[in-house]
S.K.: 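Take this structure, written in structure tokens, and hold onto it; I'll ask about it next.
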Amino acid sequence: MVKNKKMKAILFMLLSSLSFAIMGSFVKLAGDVPTFEKAFFRNLISLMISIYLLNRIKQNPWGKKENRIYLIGRGVVGTLGMVAYFYGIDRLILADSGMLNKMNPFFVTIFAWIFLKNKISKTQIYSLFIALIGVAFIIKPSSNFIQSVPAVICFMSSIFAGGAYVFVSYLSDKENSYTIVFYFSLISTIITFPLLMMNPVMPNKIQFLFLILTGIASSIGQFCLTIAYKYAPAGEVSIYNYSNVIFSSVLGIILFSEKPGLLSLIGYIFIIFAGYLVYKIGNRRRQIK
């Protein structure tokens, strides 16, 4: 029974990674539509889906009064992470942007240690340094800092995402998952709307279709992720989240003729190895308990 649950969790985690890779492709295919506009459409679709689901189960969308400050915090930090990620997707190859964003588990560990008082081991600290070496290979710092800006901003998306997931971890047993998604989508829509109005671009029919598909793909990815964590603890299946870079690489090659360079591939190896170390440490702790 436990094994079947874990297999289901792995399956949903893989589906989530595939959905987010497809979302990245749609973001890129939407072309020269500004980043804030892409983020707005992504969250508008998610907002409508979450409202529908909350209405279907007759759940109060506003959550408990004592949790609202944390729900808002998750929404604000998550929005910063999403905008930074979309900015990176538009300017980097899909595999690079996806891998830089997948640094978020390391920052979850750090923020959980700082704010939730979770224990952090020496191995986890070493793993972070190994992962940061991988990031350096992907960013490829040079004397021309401007060339590295998109990669640096995309890397920052993982820091914001790490903070957002700590909020989610805190709220997971206090609020319905649909309520958490609702707040994130609502706050992101509110934040990005006035920003997109500063430089609005009327998308053509194809771009508009890709914007809608971005929202649908991201919603599927988010809900698959939520279901995966219901079937198994995050630490047991989070390693499968790195399959996103495989899906992103394949889609990048097929749709955009993108091929990661040698330095990027070396960076992927460092980050995935570091993620594997954290995964093994988590498993060992659970077995001891």
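Start at 1 with the first residue, then count along the sequence. Since the structure is predicted, the reported quantities are computational estimates derived from the model, not experimental observations.
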S.K.: Please give me the minimum heavy-atom distance between Thr192 and Phe36, naming the atom from each residue.
M.R.: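 Scanning both residues completely, I find the closest heavy atoms to be CB-O, 3.8 Å.
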S.K.: First locate atom CG of Leu263, then atom CD1 of Ile139, and finally report the distance between them rounded to the nearest 0.5 Å.
M.R.: 12.5 Å
S.K.: Taking the side chain as every heavy atom from C-beta outward, state whether Thr35 and Arg91 have any atom pair closer than 4.5 Å.
M.R.: yes
S.K.: Cut-off 3.5 Å, side chains only: do Asp32 and Gln207 have a donor facing an acceptor?
M.R.: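 Asp32 vs Gln207: donor-acceptor pair found between side chains.
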S.K.: Do the non-hydrogen side-chain atoms of Leu94 and Ser25 ever get within less than 4.5 Å of each other?
M.R.: yes
S.K.: Linking I/L/V/M/F/W/Y whenever their side-chain heavy atoms sit closer than 4.5 Å, directly or via other members, would Val201 and Leu209 fall into one cluster?
M.R.: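 Result: no, two separate clusters.
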S.K.: Where do Ala217 and Ile22 come nearest, in terms of heavy atoms and distance?
M.R.: CB-CG2, 4.3 Å
S.K.: Can you tell if the side chain of Ile10 reaches within under 4.5 Å of the side chain of Met13, non-hydrogen atoms only?
M.R.: no
S.K.: Work out which heavy atom in Ile89 is nearest to a heavy atom in Gly24; give both atom names and the distance.
M.R.: CG2-O, 3.4 Å
S.K.: Tell me, do Gln124 and Ile110 make a side-chain contact under 4.5 Å, heavy atoms counted?
M.R.: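 Result no, sub-4.5 Å side-chain heavy-atom pair not found.
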S.K.: Which pairs, with at least one residue in residues 40-54 and sequence neighbours excluded, count as a side-chain hydrogen bond (donor to acceptor under 3.5 Å, both in side chains)?
M.R.: Arg42-Ser46, Ser46-Ser219
S.K.: Can you tell me how far apart CG (Leu100) and CD1 (Ile153) are? Round to the nearest 0.5 Å.
M.R.: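 If we round to the nearest 0.5 Å, Leu100:CG and Ile153:CD1 are 12.0 Å apart.
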S.K.: In terms of hydrophobic clusters joined by side-chain contacts under 4.5 Å, are Phe256 and Phe26 together?
M.R.: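 Yes, because Phe256 and Phe26 connect within a single hydrophobic cluster, where side-chain heavy atoms sit under 4.5 Å apart.
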S.K.: Can you name the ring pair (Phe, Tyr, Trp, His ring centres under 6.0 Å) partners of Phe20, sequence neighbours left out?
M.R.: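 With sequence neighbours excluded, Phe20 shows a ring pair (Phe, Tyr, Trp, His ring centres under 6.0 Å) to no residue whatsoever.
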S.K.: The test is side-chain contact (heavy atoms from CB on, under 4.5 Å); show your working for Phe40 and Met197 and say whether it passes.
M.R.: CA-CA 11 Å; Phe40 172 78; Met197 291 306 294; over 6 Å; no
S.K.: Quick one: are Phe184 and Thr79 in side-chain contact, heavy atoms under 4.5 Å?
M.R.: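 Yes, their side chains come closer than 4.5 Å.
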S.K.: Under the rule for ring pair (Phe, Tyr, Trp, His ring centres under 6.0 Å), what residues qualify as partners of Phe247, not counting sequence neighbours?
M.R.: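 By the ring pair (Phe, Tyr, Trp, His ring centres under 6.0 Å) rule, Phe247 matches no residue at all.
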S.K.: Kindly give the heavy-atom pair with the smallest separation between Asp90 and Val27, and that separation in Å.
M.R.: OD1-O, 3.7 Å
S.K.: Test side-chain contact (heavy atoms from CB on, under 4.5 Å) on Phe106 and Ser127; report intermediate values, then the result.
M.R.: CA-CA 8 Å; Phe106 299 98; Ser127 298; 4.2 Å; yes
S.K.: Has Lys259 got more than 12 heavy atoms of other residues, nucleotides or ligands less than 6.0 Å from its NZ?
M.R.: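 Counting neighbours around NZ of Lys259, 12 or fewer heavy atoms of other residues, nucleotides or ligands fall under 6.0 Å, so no.
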S.K.: Locate the shortest heavy-atom distance separating Cys224 from Leu15; write the atom from each residue and the value.
M.R.: SG-CB, 4.0 Å
S.K.: Do the side chains of Ile253 and Val245 join up, straight or via other hydrophobic residues, at under 4.5 Å, putting them in one cluster?
M.R.: no
S.K.: Less than 4.5 Å apart, side chain to side chain, heavy atoms only: is that true for Phe167 and Val76?
M.R.: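 No, every pair of side-chain atoms sits at 4.5 Å or beyond.
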S.K.: Atom CG in Asn204, atom CE in Met202: separation rounded to 0.5 Å?
M.R.: 11.0 Å
S.K.: Quick one: pull up CG in Leu80 and CD1 in Ile159 and give me the separation to the nearest 0.5 Å.
M.R.: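 Rounded to the nearest 0.5 Å, the CG-CD1 separation comes to 11.5 Å.
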S.K.: Side chains of Leu14 and Asn241, heavy atoms from C-beta outward: is any pair under 4.5 Å?
M.R.: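 No. Closest side-chain heavy atoms not under 4.5 Å.
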S.K.: Nearest 0.5 Å please: distance from the CD1 atom of Ile212 over to the CZ atom of Phe210.
M.R.: 12.5 Å
S.K.: More than 12 foreign heavy atoms under 6.0 Å from OH of Tyr178: is that the case here?
M.R.: no
S.K.: Between Lys38 (side chain) and Val83 (backbone), is there a donor-acceptor pair under 3.5 Å?
M.R.: no
S.K.: Give the table of side-chain donor-acceptor pairs shorter than 3.5 Å for residues 65-74, with sequence neighbours excluded, one pair per line with atom names and distance.
M.R.:
{"residue": "Asn67", "atom": "ND2", "partner": "Glu175", "partner atom": "OE2", "Å": "2.9"}
{"residue": "Arg68", "atom": "NE", "partner": "Trp62", "partner atom": "O", "Å": "3.2"}
{"residue": "Arg68", "atom": "NH2", "partner": "Gly63", "partner atom": "O", "Å": "3.3"}

S.K.: Of all residues at least two apart in sequence or in a different chain, which pass the ring pair (Phe, Tyr, Trp, His ring centres under 6.0 Å) check with Phe208?
M.R.: Phe41
S.K.: Using the side-chain contact (heavy atoms from CB on, under 4.5 Å) rule, take Leu11 and Lys8 through it: C-alpha gap first, then chi angles, then the decisive distance, then the call.
M.R.: CA-CA 5 Å; Leu11 175 61; Lys8 287 181 180 178; 5.6 Å; no
S.K.: Okay, side chain of Lys174, backbone of Tyr170: is any donor-acceptor separation there less than 3.5 Å?
M.R.: yes
S.K.: Say whether Tyr242 and Tyr276 are linked into one hydrophobic cluster, either directly or through other cluster members, by side-chain heavy-atom distances under 4.5 angstrom.
M.R.: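 Same cluster.
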S.K.: Passes side-chain contact (heavy atoms from CB on, under 4.5 Å), Ile272 versus Met99? Steps please.
M.R.: CA-CA 9 Å; Ile272 292 173; Met99 183 53 79; 3.7 Å; yes
S.K.: Enumerate the side-chain hydrogen bond (donor to acceptor under 3.5 Å, both in side chains) contacts for residues 94-104, please, sequence neighbours excluded, ordered by first and then second residue.
M.R.: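 Listed by first then second residue: Asp96-Ser264, Asp96-Tyr268, Asn101-Ser157.
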S.K.: Search all heavy atoms of Ile45 against all heavy atoms of Ile216 and return the closest pair with its distance.
M.R.: CG2-N, 3.8 Å
S.K.: Is it the case that the side chain of Ser158 and the backbone of Cys154 share a donor-acceptor pair, with hydrogens and angles ignored and the cut-off at 3.5 Å?
M.R.: no
S.K.: Examine Ile269 and Leu262 and state if one hydrophobic cluster contains both, with Ile, Leu, Val, Met, Phe, Trp and Tyr joined whenever side-chain heavy atoms are less than 4.5 Å apart.
M.R.: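 In one cluster with Ile269: Leu262, no.
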S.K.: Checking the side chain of Glu37 only, and the main-chain atoms of Pro200 only, is there a donor and an acceptor separated by less than 3.5 Å?
M.R.: no
S.K.: Report the distance from atom CG of Asn60 to atom CG of Asn176, rounding to the nearest 0.5 Å.
M.R.: 10.5 Å
S.K.: Looking only at atom types and distance, does a side-chain atom of Ser16 sit under 3.5 Å from a main-chain N or O of Phe12, one as donor and one as acceptor?
M.R.: no
